[in-house]
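Worksheet for the structure shown next.
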Amino acid sequence: MHELTLCQRTVEIIEQQAQRLGARRVTGVWLEIGAFSCVEQSALAFCFELVCRDTCAQGCALHLTQQAAECWCHDCEQHVHLLTQRVRRCPQCNGVNLRIVADDGVQIKRLEIEQE
C-alpha cells in the first residue's frame, strides 16, 4: 500500500511548512492526485487520517482532486485525454507519438492554517 508512504511524506512536508509559517495547526489540505499515480483515493484518505494523528494536521479537512490524464499528440498536434496509461494511442488519430502531460505523483496544492 503505497498510499501510506505517500501520506507519511506528505505530512512531513505539511509539518515543515506549518512550522516555517508559524502555524498553530493545519485546518485544511488540498491534494492533487496525478492521473497516472495509481493512487486509490479512499485508501489515501484513510491513511492520511491515520498519519495525521498527533500532528499539527490532526482533524484537518482533506480535499482531493484527480488530475486529468492529459497528453500531447505530436501526430495530430492536439491535447488529448487517455483513459488509462496502458493505452498509449491517440483517441483522435490513433497515433503513438504521445507526450504525457499528466503527473504520476501527489502534490500539495494548498494548506489552510491557524496562526499562533
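One-based numbering along the sequence shown.
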Partner residues of Gln92 under the side chain to side chain contact (heavy atoms under 4.5 Å, CB included) criterion, sequence neighbours left out: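 Applying side chain to side chain contact (heavy atoms under 4.5 Å, CB included) to Gln92 gives Cys76, Gln78, Val80, Cys90.
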Can you tell me how far [atom2] of [Y] sits from [atom1] of [X], rounded to the nearest 0.5 angstrom?
X	Y	atom1	atom2	value
Leu21	Gln16	CG	CD	11.5 Å
His79	Trp72	NE2	CH2	5.5 Å
His2	Cys38	NE2	SG	6.5 Å
Cys71	Ile100	SG	CD1	5.0 Å

Test log, rule side chain to side chain contact (heavy atoms under 4.5 Å, CB included), inputs Phe46 and Glu3: CA-CA 9 Å; Phe46 176 78; Glu3 285 85 356; over 6 Å; no
State, to 0.1 Å, how close [X] and [Y] come at their nearest heavy-atom pair, and which atoms those are.
X	Y	value
Cys93	Asp75	SG-CB, 3.9 Å
Gln8	Val51	CA-CG1, 3.8 Å
Thr10	Leu6	OG1-O, 2.7 Å
Val96	Arg89	CG1-NH1, 3.1 Å
Phe48	Cys60	CE2-SG, 3.6 Å

Residues Ile113, Thr27; criterion side chain to side chain contact (heavy atoms under 4.5 Å, CB included); working and verdict: CA-CA 5 Å; Ile113 60 171; Thr27 57; 5.9 Å; no
Derivation of the side chain to side chain contact (heavy atoms under 4.5 Å, CB included) call for Trp30 and Leu62: CA-CA 6 Å; Trp30 282 257; Leu62 178 63; over 6 Å; no
Qualifying side chain to side chain donor-acceptor pair (under 3.5 Å) pairs with a residue from residues 53-67, counting only residues at least two apart or across chains: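 For residues 53-67: Gln41-Gln66.
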Trace of the side chain to side chain contact (heavy atoms under 4.5 Å, CB included) decision for Leu31 with Leu44: CA-CA 10 Å; Leu31 299 179; Leu44 185 75; 4.3 Å; yes
Any side-chain heavy-atom pair of Val106 and Val39 under 4.5 Å: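 A side-chain contact under 4.5 Å exists here.
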Residue pairs, two or more places apart or on separate chains, that pass salt bridge (charged side-chain N to carboxylate O under 4.0 Å, His left out) and touch residues 11-28: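 The answer is Arg9-Glu12, Arg24-Glu114, Arg25-Glu114.
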